[in-house]
Amino acid sequence: MALLLSLVLRVGVLLSALLVLLGGVGELWAHGAVPVGAILQAAPGVQGWSPLALMLEAWQGRPEALVRLGLLLLLLTPVARVALAAILFLLEGDAFYAGVALWVLGLLVLSLTGLM
Amino acid sequence: MSFLAFTFFLFLGSVLAGFVGALTGLGGGVVLVPMLTLLFGVDLKLALGASLVSVIATSSGAAAAYVREGFTNLRLGMLLEVATTLGAVAGASLTARLPHGVVAGIFGLVLLHSAYMGLRDWEREARADPGPPDPLAVRLRLQGTYPGPRGRVPYAVRRVVPGFLLMGLAGVLSGLLGIGSGAVKVLAMDRIMGLPYKVSTTTSNFMIGVTAAAGAEVYLRHGYIHPDLAFPVVLGVLLGAVLGARLLPGAKVSGLRLLFSGVIALLGLEMLAQGLWG
């Protein structure tokens, strides 16, 4: 169980770091010389966090969408870890801890979708 | 300062934040928030958004190593996550109703007191008398082993219910203040539940990512997570967290306790300042 959980965390972190790095380099390439105050005050060029819209924008070559995709993936990594733990506890026949993990997963999904 | 130079310095600072965050179990935010607001003059809300991202990055980056090496108590971590996520959701919805300054101020005082207690007896490996193992902990199979210098060391878990309740409080604080929930988690596991120090910090590190994710929706919705601020933070914090996780197995507990006390003293002052000046 520990090995699989560790693997999910590693893959999630590496993939999101790669996306963030690619997008970040693109952002620096485009606005590197701009004063930082202007960057942080300007309304972001890409709005929203919908994964599909972000993928489309990233495909169109907007680096900021790549960074956002990477951040979204980073945010979902702990969620994936909890989901995997629930499955592994179920496979081990450990109903109590499978229930615990499912409860946490349910709360995470409810809060991330804005239902709570 | 140009965006390029800012990104470079923020990346270096984030490496330090991730390193300290992974070694203390507190996450990168404790170092990152004062650095961003005081040193770089970034708005507090954007700083808290970046801090949230850094907490998740530290947690996942370091936990990949801690879980594999068997420092983290998985069952205990998952069980306590029930309390922290509930608390985080409750805390986030309380933000509008509770005065932020008062909560921050009280939490600051508590942290300063804990830092003082920690500095007073930092050389001690463990509590002199942690008390008897909790029968509930045995029924829930929470006891475990962790890697010591000569093979794995078994340990028991104490006071499950008070520990669980404190985790709920840690979640509420995380939802209300955005940072600092790791401090309550480590203190509760170390001082109340009587766990070995490295198990306390690595299990806290394991949990803070989930607690932060539970409160993330509010930050996303309000636009507090700025991609141009977050990208050097993520990359730097991940590098720092991986370095910290390399160092932890061989690190002396006394040194880790000293670092922890220093960092929560800093966090305490930060919270007190937020309480006094908003």
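All chains are named by letter (A, B, ...) in the order of the sequence lines, taking the proteins before the strands, and each is independently numbered beginning at 1. Please read all numbers here as calculations on a predicted model, not as lab measurements.
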Which one, B/V82, B/V67, B/I56, leads in non-hydrogen pairs under 4.5 Å with chain A? B/V82
Under 4.5 Å from a heavy atom of chain B, the part of A/A17 involved: both
Using non-hydrogen atoms only, which part of A/L21 is less than 4.5 Å away from chain B: side chain, backbone, both, or neither? both
Which residues in residues 11-19 of chain B have a heavy atom less than 4.5 Å from any heavy atom of chain A? none
Validation row: B/S60, A/P78 side chains within 4.5 angstrom (heavy atoms): yes
Interchain contact, A/V67 with chain B, by part (heavy-atom threshold 4.5 Å): side chain
Contact origin within A/L28 toward chain B - heavy atom pairs under 4.5 Å: both
When you measure from the side chain of A/R81 to the backbone N and O of B/F206, does any donor-acceptor pair fall under 3.5 Å? yes
What residue in B/V53, B/V210, B/T85, B/V242 has the most heavy-atom pairs under 4.5 Å with chain A? B/V210
If we ignore hydrogens and angles and just use 3.5 Å, is the side chain of A/Y97 paired with the main-chain N or O of B/L79 as donor and acceptor? no
Which answer fits A/V82, side chain, backbone, both or neither, if we ask what part of it has an atom under 4.5 Å from a heavy atom of chain B? side chain
Best-contacting candidate, B/M1, B/E81, B/R75, against chain A by heavy atom pairs under 4.5 angstrom: B/R75
